[in-house]
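What follows is one structure encoded as structure tokens, with my remarks underneath.
Keep in mind that what you see is a predicted model, and the values were worked out from it rather than measured.
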Amino acid sequence: MTLLAVSFYAPRVDVTSWMTPQDLPGDYVVAVGSVSGAPVQIAAGKRALKDAPPRMVFSQIMLPAEIPPLVVASGKTGLVPLTTAAIDPGLTRDNRPAIALMIDDLGVVPDRSAHALRLPTEVTLSFLPYGPVSRPLAQAAAAKGHEIFLHVPMEPRGQANPGPDALMTQDSDRQLRAKLDKQIADLAEAAPLAGINNHMGSRATADRRVMDEVMRGAAERGLVFVDSITTRNSKARAAAATYDVPFIARDVFLDHGEGEDFLLAQLDELERQARTRGIAVAIAHPHSTSLEILDVWVKGLEAKGLRLVTIREAIEMESRRSQLAMAQ
């Protein structure tokens, strides 16, 4: 058990950040000051909230106005304390509404996939494992500074073809992991991976057994998961929480309809959601029209009081919002 001694003084709220030796996102322990109560040692690896974000441990601790140092235990093997800092949303943090943009389906059509690398480095790029140019373009994108994802093909409902070696609900646990492990290993040889998201998968993501195997694989490698939300019955969030995989879901598909007017309307909706909630996640595809419009659109975000963030940054923002909600 990893221990850290820190002092808490009400009504200040402190967050103790934990990092693994591999510098992966770790757990957070939140202590809330109060006028009464006594020091409490946090139970190892327990979550006080059922909907707590992945990889986070919450505990409301009732503290007197001033107490001796409090011992906080994470209970996570291999974790080491990194920092202790007070939550203050008014300090140096950029509070402008944020948008996380992912381009997936990359690696199949060479010229349009390469075009995506012209977008700002905050744009996350997700490559299909069977794309003929996925590996070289992922390597080039990583060198430029883009966050790289694996776009894992998964079984859909209906007759659409997700591509070779898709994760199928009829696969055994061993087959699912063999497919996923190979796809991750192949792309990871070319570029460091930040996470994975599903390609199609309306049937597979609704199957908890399949999602459990996916999240086990992600957790072992410190990857995050983005649910493309191809079905309302997705079990991805619940599986991610079980295996402590950092998770976020897509809010807006930008180009699942045709034409410029549709895309522009979706961008308006994306901006509206970002302003309403503080963060919104969008997915687009390497269509010529989409890339041409996005080239222009990203350049105008600053003037609109908006900013681009990576998917990992979006997940961190969601986590901070949950911390503040818990503290309040």
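- The pair K179-E213 does not count as a salt bridge, with every side-chain nitrogen at least 4.0 angstrom from each carboxylate oxygen.
- A donor-acceptor pair under 3.5 Å links the side-chain atoms of E155 to the main chain of T169, judged by distance alone.
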Name each donor-acceptor pair under 3.5 Å that joins a side chain in residues 156-163 to protein atoms two or more places apart or in another chain, with its distance.
residue, atom, partner, partner atom, Å
N161, OD1, G163, N, 2.9

Which is it for I184 and K182 under the side-chain contact (heavy atoms from CB on, under 4.5 Å) test, yes or no, and what are the steps along the way?
CA-CA 5 Å; I184 291 174; K182 184 178 187 306; over 6 Å; no
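- Note on R307 versus D94: salt bridge recorded, some NZ/NE/NH1/NH2 to OD/OE distance being below 4.0 Å.
- Look at D295 and R118 and you find a salt bridge, because one of the NZ, NE, NH1 or NH2 atoms lies within 4.0 Å of a carboxylate O, short of that distance.
- In this view, D212 and R208 satisfy the salt bridge (charged side-chain N to carboxylate O under 4.0 Å, His left out) rule, not counting sequence neighbours.
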Decide side chain to side chain donor-acceptor pair (under 3.5 Å) for N198 and T205; before the verdict, give the C-alpha distance in whole Å, the side-chain angles of both, and the deciding distance to 0.1 Å.
CA-CA 8 Å; N198 55 295; T205 57; 4.8 Å; no
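- In this structure, E313 contributes its side chain and T310 its backbone to a donor-acceptor pair below 3.5 Å.
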Could you walk me through whether D227 and R237 pass the side-chain contact (heavy atoms from CB on, under 4.5 Å) test, one step at a time?
CA-CA 8 Å; D227 192 346; R237 183 184 293 273; 5.8 Å; no
Hey, can you pull the donor-acceptor pairs under 3.5 Å for the side chains in residues 278-294, sequence neighbours left out?
residue, atom, partner, partner atom, Å
H285, ND1, D255, OD1, 2.8
H285, NE2, D104, OD1, 3.2
S290, OG, D255, OD2, 2.7

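- A search for ring-ring contact (aromatic ring centres under 6.0 Å, His included) contacts involving H146 returns nothing, not counting sequence neighbours.
- With respect to D207 and K235, no salt bridge is recorded, no charged nitrogen being found less than 4.0 Å from a carboxylate O.
- D181 is linked by a side chain to side chain donor-acceptor pair (under 3.5 Å) to R177, R221, counting only residues two or more places apart in sequence or in another chain.
- Contacts classified as side chain to side chain donor-acceptor pair (under 3.5 Å) and involving residues 127-137 (residues at least two apart or in different chains) are given here: R135-E189.
- Between D173 and R209 there is a salt bridge, since at least one side-chain N of the basic residue sits less than 4.0 Å from a carboxylate O of the acidic one.
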